[in-house]
Colleague: 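Structure incoming, see below.
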Amino acid sequence: MSSMEYETPRTAGRSFGQAQRRGPLKRGDFVQITDPKGRLHTVTLEPGQVFQCSRGRIPHDALIGSPASVTVKDGDKQFQIVRPLLADYVMSMPRGAAIIYPKDAAQIVTFGDIFPGARVLEAGVGSGALSLFLLSAIGTTGELISIERRDDFAAIAQGNVDLWFGGRHPAWSVRIGEFNDAAQARRAESIDRVVLDMLTPWECLDSVARVLSPGGVLTIYVATVTQLSRVREEIVSRDRFTPPQVWESFIRPWHLEGLAVRPQHRMVAHTGFILTTRTLATGHEPQQRVSRPAKAAENLRGQWDDENQWGDDPQLNRAISAKKVRRSVRDVVEKSKNLLKDSERTAAEQDAQEDNVEF
């Protein structure tokens, strides 16, 4: 067999995020401390400082210089020390707006096809949670432009991202304003991917269709069914996008201890809906898909169509005879009359009993 040699990849001039946190723990590192009850605490190591909780205390100096994954004791209490993962950091970082949970951010990165070097336009920065995942995916060779309406949210997001990456990420820029203005300022078909996390994403669809390259992926994150229905209808009505795909994700952790193997009592259930679609080249229409009825419904009337509405099929929409209707009216009216008579008689008897009571 012939041997093959692969070219050694070039390394970036500067490491960001996890890449700069290799080796022993050092000053300024984030660490995740798990106390004896399993509670998680994220702290920044500083000389002379002390981590303290109800279960014990750990001087930071005892951790600085130690390996990145250790178990430390305070008396008979054990604390587990590790560097936090991105998902851990996102769940513990300061928040302005609600965050997109890691389970959803992972799906957005995967099904939104966020790749190294991608040019991405993001609307709705919030606290910067999704921006962190997007930046990790595009690397230093891509471009992420994040649009946020509120100055305070943008400031929180900028701080969270800077702290995680250890400085200003070269591929990221945050702009205050409206998505439509930012998209219209870009050259047409110059963006690879668009991610919208906002209350009214349907207001941005025309700008998305203009700025997104043919075949580019639009990913929309919404929280409610009404938002989902509205944005889907707006996408279909424009004839510029492929049929949208929609789903939600759940994570159900399991309890594993000896023979006690069962689902946890709590789970991360609905947080939002994820919708993905792709842009069509100018002049092309969405594919018209043909769906066939079930075998049991073939050759039967009673199916919906735009011209005749519901078909009058006796098997599906059985006609009720006038005689049966009259009988039903007679029965229910008679029963109602009897009920009212009984009610009046009972009330009269109660009044008579009250009149005979002696005080």
Side-chain angles (χ1 to χ4, degrees), residues 12 14-20 84-150 153-177 179 182-183 186 190-198 201 204 207-208 211-213 215-223 247 249 271-279:
R14 180 185 174 190
S15 298
F16 286 88
Q18 300 281 44
Q20 66 178 347
L85 305 176
L86 176 55
D88 301 322
Y89 174 77
V90 164
M91 296 303 295
S92 63
M93 69 186 189
R95 302 181 188 181
I99 65 168
I100 290 183
Y101 273 63
K103 72 179 182 69
D104 294 326
Q107 300 236 339
I108 290 172
V109 169
T110 301
F111 292 98
D113 195 44
I114 310 298
F115 57 90
R119 295 163 298 183
V120 183
L121 198 56
E122 175 197 15
V125 179
S127 300
L130 182 59
S131 301
L132 285 164
F133 286 93
L134 295 175
L135 288 169
S136 296
I138 67 174
T140 57
T141 60
E143 180 184 14
L144 175 63
I145 304 170
S146 300
I147 314 300
E148 175 56 54
R149 289 180 173 178
R150 295 183 52 168
F153 285 177
I156 294 172
Q158 187 77 70
N160 285 330
V161 172
D162 289 349
L163 286 171
W164 174 253
F165 285 108
R168 191 59 49 88
H169 198 289
W172 192 41
S173 61
V174 182
R175 300 179 184 177
I176 308 300
F179 174 86
R186 298 282 302 196
S190 63
I191 294 294
D192 299 310
R193 304 289 185 261
V194 173
V195 181
L196 302 180
D197 172 23
M198 58 200 325
C204 303
S207 297
V208 170
V211 76
L212 197 56
S213 60
V217 181
L218 166 63
T219 304
I220 299 177
Y221 183 83
V222 292
W247 70 96
S249 65
T271 47
F273 298 102
I274 300 173
L275 179 150
T276 59
T277 183
R278 305 183 70 176
T279 49

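Fair warning: this is a prediction, and the values are worked out from it, not measured in the lab. For reference, positions follow the sequence shown, starting with 1.
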Colleague: By salt bridge (Lys or Arg N to Asp or Glu O under 4.0 Å), which residues pair with Asp88, not counting sequence neighbours?
Modeller: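 None.
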Colleague: Looking only at heavy atoms, what is the nearest atom pair of Gln18 and Pro84, with distance?
Modeller: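 It is NE2-O, 3.6 Å.
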Colleague: Looking at Thr279 and Ser213, would you say the former's side chain and the latter's main chain have a donor-acceptor pair under 3.5 Å?
Modeller: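 Indeed, once roles are kept as given, a pair shorter than 3.5 Å links the two residues.
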Colleague: Verify the neighbour count for atom CZ of Phe133: are there more than 12 heavy atoms of other residues, nucleotides or ligands below 6.0 Å?
Modeller: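 Atom CZ in Phe133 is crowded, with more than 12 foreign heavy atoms closer than 6.0 Å.
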Colleague: Is there any salt bridge (charged side-chain N to carboxylate O under 4.0 Å, His left out) pair reaching into residues 116-130, and which pairs are they, with sequence neighbours excluded?
Modeller: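 Qualifying pairs, neighbours excluded: Arg119-Asp192.
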Colleague: Distance check, rounded to the nearest 0.5 Å: Ile108 atom CD1 versus Ile100 atom CD1?
Modeller: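 Output value for this atom pair is 4.0 Å.
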Colleague: What distance do Leu134 atom CG and Ile145 atom CD1 have between them, rounded to the nearest 0.5 Å?
Modeller: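 Leu134 atom CG to Ile145 atom CD1 measures 12.5 Å (nearest 0.5 Å).
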Colleague: Which pair of heavy atoms, one from Ile138 and one from Ala171, lies closest together, and at what distance?
Modeller: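 Scanning both residues completely, I find the closest heavy atoms to be CD1-CB, 4.1 Å.
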Colleague: Run the side-chain contact (heavy atoms from CB on, under 4.5 Å) test on Leu130 and Tyr221 for me, step by step, so that the C-alpha distance in whole Å, both residues' side-chain angles and the decisive distance to 0.1 Å come before the verdict.
Modeller: CA-CA 11 Å; Leu130 182 59; Tyr221 183 83; over 6 Å; no
Colleague: Determine whether Leu132 and Trp172 make a side-chain contact, defined as any pair of heavy atoms from C-beta on separated by less than 4.5 Å.
Modeller: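 Of all side-chain heavy-atom pairs linking Trp172 with Leu132, none is under 4.5 Å.
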Colleague: For Ala97 versus Gly126, what's the shortest heavy-atom pair and its separation?
Modeller: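 Here Ala97 and Gly126 meet closest at CB-CA, 3.8 Å.
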Colleague: Dump the intermediate steps for side-chain contact (heavy atoms from CB on, under 4.5 Å) on Ser190 and Val211, then the final yes or no.
Modeller: CA-CA 6 Å; Ser190 63; Val211 76; 4.0 Å; yes
Colleague: Of all the heavy-atom pairs spanning Val161 and Gly128, show the shortest one and how long it is.
Modeller: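 Looking at all heavy atoms of both residues, the closest pair is CG2-O, 4.1 Å.
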Colleague: I'd like to check Ser136 versus Phe165 (side-chain heavy atoms, cut-off strictly below 4.5 Å). Are they in contact?
Modeller: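 Result yes, sub-4.5 Å side-chain heavy-atom pair found.
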Colleague: Output the distance between atom CG (Asp197) and atom CD1 (Ile274), rounded to the nearest 0.5 Å.
Modeller: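 Spacing of CG (Asp197) from CD1 (Ile274) equals 10.5 Å.
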Colleague: For Phe111, check ring pair (Phe, Tyr, Trp, His ring centres under 6.0 Å) against everything at least two apart and list the hits.
Modeller: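 Listed in chain order: Trp247.
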Colleague: Under the salt bridge (charged side-chain N to carboxylate O under 4.0 Å, His left out) rule, what pairs show up with a residue in residues 91-118, not counting sequence neighbours?
Modeller: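 For residues 91-118: Asp113-Arg193.
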Colleague: Roughly how far, to the nearest 0.5 Å, is CD1 of Ile191 from CG of Leu218?
Modeller: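 Atom-to-atom, Leu218:CG and Ile191:CD1 are 12.5 Å apart.
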Colleague: Considering non-hydrogen atoms only, spot the tightest contact between Val90 and Ala129 and give its length.
Modeller: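 Shortest heavy-atom separation between Val90 and Ala129 comes out as CG1-CB, 3.7 Å.
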Colleague: When rounded to the nearest 0.5 angstrom, what distance separates OG in Ser131 from CD in Gln158?
Modeller: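 One finds 9.5 Å between OG of Ser131 and CD of Gln158.
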Colleague: Among residues at least two apart in sequence or on other chains, which ones pass ring pair (Phe, Tyr, Trp, His ring centres under 6.0 Å) with Phe273?
Modeller: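 Partners of Phe273 under the ring pair (Phe, Tyr, Trp, His ring centres under 6.0 Å) test: His270.
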Colleague: Atom CE of Met93 and atom CD1 of Ile99: how far apart are they, to the nearest 0.5 Å?
Modeller: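 Answer rounded to 0.5 Å: 5.5 Å.
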Colleague: Determine the minimum heavy-atom distance between Ser127 and Pro94, stating which atoms define it.
Modeller: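 Result for this residue pair: CB-O, 4.2 Å.
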Colleague: Going by ring pair (Phe, Tyr, Trp, His ring centres under 6.0 Å), name the residues that satisfy it together with Trp164, two or more places apart in sequence or in a different chain.
Modeller: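 By the ring pair (Phe, Tyr, Trp, His ring centres under 6.0 Å) rule, Trp164 matches Tyr89.
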Colleague: Backbone N or O of Ala154 within a donor-acceptor pair of the Glu148 side chain at under 3.5 Å?
Modeller: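 Answer holds: no.
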Colleague: How about Val208 and Leu196: do any of their side-chain heavy atoms sit closer than 4.5 Å?
Modeller: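 With C-beta onward as the side chain, the pair touches.
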Colleague: Distance-only, no hydrogens or angles: does the Arg175 side chain make a donor-acceptor pair with backbone N or O of Ile147 under 3.5 Å?
Modeller: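 No, because the side chain of Arg175 does not come within donor-acceptor range (under 3.5 Å) of the backbone of Ile147.
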